[in-house]
There are 2 protein chains.
Amino acid sequence: MSVRSTATIADVARQAGVSRAAVSKVIRNAYGVSDDMRRRVEAAITELGYRPSIAARAMRGSSYTLGIELPTLANNFFDTFVRGATSALAASPYQLIIAPAGPDHDNGPRAIQALADRNVDGILAVSPAVAPEWLEALGSSVPLVMIGRHDASDHYDTVVDDDLLGARLATEHLLGLGHRRIAHVTLTPEAESGLPQAPHALRTAGYRAAMERAGLAAQIVHVAPTEEATYRATLALLGADPSPTAIFAGHDELAMGALRAVAESGLTAAQCSVVGYDDTDIAAHPLISLTSVDQSAAEMGRVAVGLLLERIAGRGTPVHHVFSPSLVARASSAQCAGRH
Amino acid sequence: MSVRSTATIADVARQAGVSRAAVSKVIRNAYGVSDDMRRRVEAAITELGYRPSIAARAMRGSSYTLGIELPTLANNFFDTFVRGATSALAASPYQLIIAPAGPDHDNGPRAIQALADRNVDGILAVSPAVAPEWLEALGSSVPLVMIGRHDASDHYDTVVDDDLLGARLATEHLLGLGHRRIAHVTLTPEAESGLPQAPHALRTAGYRAAMERAGLAAQIVHVAPTEEATYRATLALLGADPSPTAIFAGHDELAMGALRAVAESGLTAAQCSVVGYDDTDIAAHPLISLTSVDQSAAEMGRVAVGLLLERIAGRGTPVHHVFSPSLVARASSAQCAGRH
DNA sequence: CTGAAAGCGCTTACAG
DNA sequence: CTGAAAGCGCTTACAG
């Protein structure tokens, strides 16, 4: 395998005794090349260890690169998503690159912009807090698929799970187990720029609606997006009177904090159940066994890449793909036994 | 914030009433520009929302991009590593992009090559199974820093933790707790292409040496690199007679499987302790509380980026940076109580 | 089917 | 300090 070839298209052309245009056609699999010419060019390419310069190609046509912006790598959901995306790209000429947004709030757009600056052929992004107008402008100049947004966009596609339904599934699961005092621990609205269509805002709405349908009072607690913050908030909840017999956490990492508080308080799942969201790998681990809402991350990755390839192929009309989440029940939720 | 500007350097030059060379100097912060000219150019850039084309810049000079190849995103170690790397880049003009290698064995070199093809200014890579010769060739044409390799390389730098020491710390920790029958569960050698200098091979050697010094017999079990495989292997170990009172796992994910088998067998840490390697976030979680060897991932990321920037700045002599790991003792390891 | 020529958007010497 | 010109390695019409 060659490493970084010093050979250019001109070298290959000379070696094969053809024009540079001919070499270009061969490497792009364009038509209008005789078998004989193709053979000679391919031989020259092998002999010289020629590799096309992506930078040069990007200036004229395609960069053969798809970029995906992620807010963090720490979330297992994204790993699964990326694997799904990669698998959908296996037979294509595209290479996937990831631009991590980093911790700062404004780094989402910055990382997305960095991808656009690099002439990627298409962008996949997870950025709940970016303004739709900015995305519309971006989508007008480069194929764009946003993950986890419920926007009714014109110039980009969206792939999202039905957060309203997911939250309903979680809440009704707990209601079905006999729980009546169910608290919802979620992110502060600012974490999503206060957008009412953002995933966690919708999950909260779904929870609230399910509680209302059951004739019960909703109890919503806002926390910083960490295990630790949820741990402390849950301890406070469990120390109150009356205290909840079940906690629906906005995502699995929060649920881990709730789980810890429950365990430390010496309570069983029957006394205080916990349900998360995302069904990350850790939720499935037998030592954790967290009931959670599954978004089928891998399938989302495949679908998102599919939409992006369609856009690259010329589709201009927006597609909004909504996945139906499902609940995976595990040991962290159990029939309500009441307290004391 | 602009999105994808259609303006080129020529547009800016026209708008500002200067030459394209002048604009180029301003955006590169090169000297030889009057204050007045700089002001006019900057005004034009803002007005037109101009953003330099990275592809065009890459053809002539720098792509302002650093690439990092990772075998997977699932490992928490890498997330921490990337955050460390990003923090070291904050003040620089470089953007970090990640090329995930994917599950297939040969995808490491493929992803690294994809970065080289894209004219990145430097490469960071985690690829234990690539041949040193290939890396030497690559390092001769692009600044390269390899993570987790003990190679005595000429044309690339290495950043690695002292796996021999880490394994010794883990083993001696268990010995100090009174354990005598300590099994080591690790990856099959093929997972590292059988390289004796590979991380897990060295950890095994470190374990073996510590056991020998204590006058004890080593017991080494090879598994596939999954929680599940380690779970089953540990169950088998615990069912044997005599069975180990402690297990040192090659990394934390394996340790999670061992932990599960121990818990399911109804054994306490005093009856069968477990120690992992990497000190991932999950190890620290109170519901898991896994004793583990810490490699200071974030610091490794910072150091690796530092070395890469030095290479980009012109250093040609190789640097091999070795980190000293430390043991983080938690509840999964305890004073040996024997069995039955 | 094949190739000469123009041009993508920058940076780099080189004059002035 | 400033700018005209060449050139980086490709692809794209356009002739032949």
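Heavy atoms only: backbone and side chains are in, while hydrogens, waters and symmetry mates are out. Proteins get letters first, then strands, A, B, ... in listed order; numbering begins at 1 in each. Every value quoted in this text rests on a predicted model; they were computed, and no experiment measured them.
B/Val18 comes within contact range of the sugar-phosphate backbone alone, with a heavy-atom separation under 4.0 Å but no base atom that close. Backbone-only engagement by A/Val33 is indicated by non-hydrogen atom pairs under 4.0 Å involving sugar-phosphate atoms exclusively. Among the protein residues, B/Ile54 comes within range of no part of the nucleic acid, since none of its heavy atoms lies under 4.0 Å from any strand.
Residue order along DNA chain C, read from the 5' end via each residue's closest nucleotide, puts A/Met37 first among A/Met37 and A/Arg20. Comparing B/Met59 and B/Ser19, the nucleotide of DNA chain D nearest to each residue sits closer to the 5' end for B/Ser19. The residue among B/Asp36 and B/Ala56 whose nearest nucleotide of DNA chain D lies closer to the 5′ end is B/Asp36.
Every residue two or more places apart in sequence or in another chain that forms a salt bridge (charged side-chain N to carboxylate O under 4.0 Å, His left out) with A/Glu299 is listed here: A/Arg302. With sequence neighbours excluded, no residue forms a salt bridge (charged side-chain N to carboxylate O under 4.0 Å, His left out) with B/Arg57. Taking B/Arg20 as the reference, nothing meets the salt bridge (charged side-chain N to carboxylate O under 4.0 Å, His left out) condition, with sequence neighbours excluded. For B/Phe323, the ring-ring contact (aromatic ring centres under 6.0 Å, His included) partners two or more places apart in sequence, or in a different chain, are B/His321. When the salt bridge (charged side-chain N to carboxylate O under 4.0 Å, His left out) test is applied to B/Asp35, no partner is found at least two apart in sequence or on another chain.
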Could you go through residues 91-99 of chain B and list every donor-acceptor pair under 3.5 Å that involves a side-chain atom there, pairing it with any protein atom two or more places apart or in another chain?
unit_1, atom_1, unit_2, atom_2, d
B/Ser92, OG, B/Leu89, O, 2.9
B/Ser92, OG, B/Tyr94, N, 3.1

**Request:** Take B/Tyr156 and B/Asp151, measure what side chain to side chain donor-acceptor pair (under 3.5 Å) needs, and give me the verdict at the end.
**Result:** CA-CA 9 Å; B/Tyr156 57 93; B/Asp151 308 339; 2.6 Å; yes
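Residue pairs that meet the salt bridge (Lys or Arg N to Asp or Glu O under 4.0 Å) test with at least one member in residues 309-318 of chain A, sequence neighbours left out, are A/Asp157-A/Arg311, A/Asp157-A/Arg315, A/Glu310-A/Arg315.
Along DNA chain D, the stretch of nucleotides lying under 4.0 Å from any heavy atom of chain A spans, 5' to 3', D/dG9 to D/dT12.
With a 3.5 Å limit on both pairing distances and Watson-Crick or G-U wobble geometry required, the stems of 3 or more pairs in DNA chain C span C:1-3 with D:14-16, C:5-12 with D:5-12, C:14-16 with D:1-3.
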